[in-house]
Amino acid sequence: MAELQGHEKRLCQNGIVQPLLTDLYQITMAYAYWKSGKTKDHAVFDLFFRKNPFQGEFTIFAGLEECLKFLNKFHYSASDIEYLRDTLPASTEEEFFEYLKTVNATGIRLYAMPEGYVSFPRLPLMRIEGPLIVVQLLETTLLTLVNYASLMATNAARYRIAAGNMKLFEFGLRRAQGPDGGLSASKYAYMGGFDGTSNVLAGKLFNIPVKGTHAHAYITSFSDFSELRNTYLEPKGGGKPRDLLQLTLSWRNKILPLFNFTSIEASEGELAALVSFAIAFPDGFMALVDTYEVQRSGLLNFCSVALALNDLGYRAIGIRLDSGDLAYLSTVARRHFTDISIKYNLPWFETMLIMASNDINEETILSLNEQGHKINCFGIGTHLVTCQKQPALGCVYKMVELNGYPRMKLSQDVGKVTMPGKKDPYRLYSETGDALVDLIQRSSEEPPQVNEKVLCRHPFEESKRAYVTPSKVEKLLTLYWENGNICQDLPNLQQIKERVKHSLKTLRTDIKRNLNPTPFKVAVSDGLYTFLHDLWLKNAPIGELS
Ligand SMILES: Nc1ncnc2c1ncn2[C@@H]1O[C@H](COP(=O)(O)OP(=O)(O)OP(=O)(O)O)[C@@H](O)[C@H]1O
Ligand SMILES: O=P(O)(O)OC[C@H]1O[C@H](OP(=O)(O)OP(=O)(O)O)[C@H](O)[C@@H]1O
Ligand SMILES: O=C(O)c1cccnc1
Ligand SMILES: [Mg+2]
């Protein structure tokens, strides 16, 4: 098959994202809707979550582009119909399958927040309007495309906040929830703030920088120098190849006193492995130094090879620590780098990369920061991609209007009451560009105006109100899909990544902190407050005490 180009390539999607990637109840409801004559009904649904993940107070909205790609190809194939015919009860009328053949997303309108924006509980992230049956059929797939994407981007953004300017690489594919989980994790980790991934397919598909070191297996695959088939390396500037092993051994003798050892306890197999790796990648030499013993073996061997490479005009990149006390070992490593850099007047030696890996999570990074360390790069797998601290985001998809009439779901739990009707959220900013509050209004209301006082109300607590005079007002939902087409230019992954960064900057730091963050206020207009509470009273049955 010919390689796809440009726009076509961007509209391509993982093959498992298809109309049958849904819950059976969507199809059974579609049949029951159809049988009860609801094919012409027009519905509005909101997609939103009720609680921020990770005990935090913000969520990054992600997954929109994949939702649009899904709408773009949404139709039931002949084999889908055949499967459904075999699966639904025999009494299912044949005309329903004829109807299903005609179903597609051309009658749908999808409004959404920009992908990569910070978002908060109860804000509609997407508003989907169209024929009831079609809007309903989209529920599960849209949720699965948004929930993990947003959870993962948020997790990554939290690691980014904890890590400050340190480099972050995602190494989670082997531990992810299956191949699709792994691929999505790499994409949304990058969106949320990681610098690269070890996942080669994610690199190819999403244009993410791919990075990596080597495994312990590479080190343990060598036992001694006799296994080195070649020890010669051509200098970077060209010329006669020189024996890198001999140069390394002579450097090792020279720097031994800096390591305070009297005899060489370093592993010969490890040195052989490092020399061979350096010959393979003289410009990208990055070594795992914890296979045997970090101080007495790994570091000494690494520094010797790095100095030998330097003789040939190459600069080593750094080391990876994958066990032990990472704060302590990084400090020891950096001290040796500094000593060598001073003694041999090699300023770059001091700034080499010290990468840490091994079950790192957000709390480990924060703890390491508190202890003090010299790590400048993390490789993170399991906890990042499995979102160990909270494995799911609870986005839901609720009907808010049918045929022009508001709909609401009541609940004993106030937080679960849905906000009825077609709504528009606005983000109100201060003069300095800080987000002050998100205000949800009925779509029929006039938008808030810059420099005009607007009343912002708590959706459920009558006494909680505040006036806000915004310096900037941003309408959060815009139209992305209409008449069967994507109707906005979509940013690429790199641009969404920038947007995440920028959007997070508009949040005060107390909202972003790890421990007991301050909630960001999501308010409703006076109009929506009254509408919501009137309808609530109308719908709630009056009990009788006896
Ligand atoms: N200074 C530190 N402060 C807080 N946590 C740390 C520090 N150094 C390492 N850790 C974390 O402690 C855990 C240590 O893991 P574990 O007990 O399996 O030891 P290990 O170093 O991997 O041992 P092994 O050598 O047997 O592989 C890891 O999750 C690592 O991220
Ligand atoms: O620790 P994570 O955050 O998941 O990061 C990825 C881990 O994957 C590799 O280990 P590997 O799978 O080879 O096994 P190991 O845990 O025994 O090192 C690497 O050395 C990291 O330790
Ligand atoms: O490149 C690495 O160092 C790497 C990749 C995947 C998992 N652990 C480490
Ligand atoms: Mg590990």
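Remember, it's 1-based here, ligands and their atoms both numbered in the order they're listed. Position 1 is the first residue of the sequence; numbering continues from there. Here the structure is a predicted model, which is why all the values come from computation and not from measurement.
Partners of Phe120 by ring-ring contact (aromatic ring centres under 6.0 Å, His included), not counting sequence neighbours, listed by chain and number: Phe520. Among residues two or more places apart in sequence or in another chain, the ring-ring contact (aromatic ring centres under 6.0 Å, His included) test is passed with Phe49 by none. Residues passing the ring-ring contact (aromatic ring centres under 6.0 Å, His included) test with Phe277 are His214, Tyr218, Phe281, sequence neighbours excluded.
Salt-bridge check for Arg427 with Asp438: passed, with a basic side-chain N closer than 4.0 Å to an acidic carboxylate O. We find that Arg175 and Asp359 are not joined by a salt bridge, their nearest charged nitrogen and carboxylate oxygen being 4.0 Å or further apart.
Within the listing of ligand 3, atoms 1 (O) sit less than 4.0 angstrom from a heavy atom of Gly212.
For ligand 3, none of its N or O atoms has an N or O atom of His214 under 3.5 Å away. For a threshold of 3.5 Å applied to N or O pairs, the pair formed by Ser198 and ligand 3 contains no separation below that value.
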May I have the N/O to N/O pairs between ligand 2 and the protein that fall below 3.5 Å, each with atom names and distance to one decimal?
unit_1, atom_1, unit_2, atom_2, d
ligand 2, 1 (O), Asp359, N, 2.7
ligand 2, 3 (O), Gly381, N, 2.8
ligand 2, 3 (O), Thr382, N, 3.4
ligand 2, 4 (O), Arg175, NH1, 3.2
ligand 2, 4 (O), Thr382, N, 2.9
ligand 2, 4 (O), Thr382, OG1, 2.5
ligand 2, 5 (O), Gly381, N, 3.4
ligand 2, 12 (O), Arg174, NH1, 3.0
ligand 2, 12 (O), Arg175, NH2, 2.4
ligand 2, 13 (O), Arg174, NH1, 3.2
ligand 2, 18 (O), Asp322, OD2, 3.1
ligand 2, 20 (O), Arg320, NH1, 3.0
ligand 2, 20 (O), Asp322, OD1, 3.3
ligand 2, 20 (O), Asp322, OD2, 2.8
ligand 2, 22 (O), Asp322, OD1, 2.8
ligand 2, 22 (O), Asp322, OD2, 3.4

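Nearest to atom 1 (O) of ligand 3 among the protein's heavy atoms is Thr213 N, 2.8 Å. Closest to atom 6 (C) of ligand 3 among all protein heavy atoms lies Arg174 NH2, 3.6 Å. Closest to atom 9 (C) of ligand 3, if we only count protein heavy atoms, is Phe171 CD1, 3.3 Å.
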Please evaluate residues Glu362 and Arg160 with respect to the criterion salt bridge (Lys or Arg N to Asp or Glu O under 4.0 Å), reporting the C-alpha separation (whole Å), side-chain torsions for both, the decisive distance (0.1 Å), and the verdict.
CA-CA 9 Å; Glu362 193 186 340; Arg160 167 48 67 209; over 6 Å; no
Could you walk me through whether Lys389 and Glu363 pass salt bridge (Lys or Arg N to Asp or Glu O under 4.0 Å), step by step?
CA-CA 10 Å; Lys389 200 169 164 187; Glu363 275 67 31; 3.0 Å; yes
Let's go through Asp283 and Lys236 carefully: what are the C-alpha distance in whole Å and the side-chain angles of both, what is the deciding distance for salt bridge (Lys or Arg N to Asp or Glu O under 4.0 Å) to 0.1 Å, and is it a yes or a no?
CA-CA 9 Å; Asp283 266 324; Lys236 191 173 168 80; 2.9 Å; yes
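The distance between the ring centers of Trp348 and Phe337 does not fall below 6.0 angstrom.
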